[in-house]
Number of protein chains: 2
Amino acid sequence: MQEKITEEQKQMARFAKAMGHPVRMYILELLAGQSCCYSGDLSEDLPIAKSTLSQHLKELKDAGLIQGTIERPKIKYCLNQENWDRARELFRKFME
Amino acid sequence: MQEKITEEQKQMARFAKAMGHPVRMYILELLAGQSCCYSGDLSEDLPIAKSTLSQHLKELKDAGLIQGTIERPKIKYCLNQENWDRARELFRKFME
DNA sequence: TTCGTATTTCGCAAATGTACGAACAAATAA
DNA sequence: TTATTTGTTCGTACATTTGCGAAATACGAA
């Protein structure tokens, strides 16, 4: 009955949880393909309120998958490359 | 404002959501490594109640990632190979 | 039939997630 | 200064998830 769940498994679950919503998958796939985007552009593409979008972006940030940098008057979102690479490596090994 | 989220993104989010819990990642990684296991074995390895484990297995089944076959008196769980391959392919493309 | 084994379902509670609009904040434009 | 733009936070509502123990189910063994 001892704990057999590894830190890597916990980390993968954390990443997967962040990916576990269609809107967040959309955002991640967009960023993975073109590196960066603005929140406003997302808002135009997605049928959700801005406050809801803001929450989804926050979740992705909290999971470490993306990062936002201020470019007045907008905010530019990009993948957090270091953690994205980490996620890729974990999932690659997991699903190979 | 039209819907831009694809069916593939929804499917990936569905898989990711199922992977979004440490216990379920543990189970999936076990199955990915050795193909099959019994619920009772999992119950001994994991610090959770059997009813809770049963729910996690149900979620993985509902997401299509695993399947259970009765081998009295136990139930043998394996990856659902068809959907697992589908998931691997989706994530491989997504994270390449 | 009664017992034991393996697992699921039920009922419940607590925590988390999803979504919205209103209110707020920060900076620039008029 | 006031208005506009861009985005976050707050308050609220509802749905889903997570977890447990008790009860139910299914079947083979005694």
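In what follows, chains carry the letters A, B, and so on, assigned in the order in which the sequence lines appear, proteins first and then strands, with residues in each chain numbered from 1. Only a predicted model underlies this, so the values are computations on that prediction, with no experimental measurement involved.
- For the pair Leu57(A) CG and dT18(C) C1', the interatomic distance rounds to 14 Å; values are reported in whole Å.
- The distance between atom CD1 of Ile70(A) and atom P of dT28(C), rounded to the nearest whole Å, is 11 Å.
- Glu59(A) contributes no side-chain N or O that forms a donor-acceptor pair with the base of dG17(C) under 3.5 Å.
- Straight-line distance from the CD1 atom of Ile48(A) to the C1' atom of dC20(C): 11 Å, rounded to whole Å.
- When the nearest nucleotides of DNA chain C are assigned to His21(A) and Asp41(B) by heavy-atom distance, the more 5′-ward of the two goes with Asp41(B).
- A salt bridge is absent between Glu96(A) and Lys93(A); no separation between the charged side-chain nitrogens and carboxylate oxygens falls under 4.0 Å.
- Between Ser51(A) and the phosphate of dC20(C), there is no side-chain N or O to OP1/OP2 separation shorter than 4.0 Å.
- Between the CG atom of Leu46(B) and the C1' atom of dT7(C) there is a distance of 15 Å, rounded to whole Å.
- The nucleotide whose nearest atom lies closest to any side-chain atom of Lys58(A) is, among dG19(D), dT7(C), dT9(D), dT9(D).
- Electrostatic pairing of Lys10(A) and Glu7(A) counts as a salt bridge here, judged by a charged N lying under 4.0 Å from a carboxylate O.
- By the 6.0 Å and 45° rule, Lys74(B) stacks over the aromatic ring of Tyr38(B).
- dT9(C) atom P lies 16 Å from atom NZ of Lys50(B), rounded to whole Å.
- Distance OH (Tyr77(B)) to P (dA6(C)): 14 Å, rounded to an integer number of Å.
- Taking only side-chain nitrogens and oxygens, Arg72(B) never comes nearer than 4.0 Å to OP1 or OP2 of dT7(C).
- Rounding to whole angstrom units, CG of residue Leu53(B) and C1' of dT9(C) are separated by 14 Å.
- When the nearest nucleotides of DNA chain D are assigned to Val23(B) and Ile75(A) by heavy-atom distance, the more 5′-ward of the two goes with Ile75(A).
- Between Thr52(A) and Leu46(A) there is no side-chain heavy-atom pair separated by less than 4.5 Å.
- Ser54(B) comes within contact range of at least one nucleobase, with a heavy-atom separation under 4.0 Å.
- Residue Ser39(A) has its side chain nearest to dG7(D) when only dA19(C), dG21(D), dG7(D) are considered.
- At the heavy-atom level, Thr52(A) lies under 4.0 Å from base atoms of the strands shown.
- Residue Glu71(A) contributes atom CD, which lies 15 Å from atom C1' of dG7(D) at whole-angstrom precision.
- In this model, the phosphate group of dG17(C) is not approached by any side-chain N or O of Lys17(B) to a distance below 4.0 Å at OP1 or OP2.
- The side chain of His56(A) places an N or O atom within less than 4.0 Å of a non-bridging phosphate oxygen (OP1 or OP2) of dA19(C).
- The environment of CD in Glu82(B) is sparse: at most 12 heavy-atom neighbours from other residues, nucleotides or ligands sit within 6.0 Å.
- Among the heavy atoms of the strands, none lies under 4.0 Å from Lys76(B).
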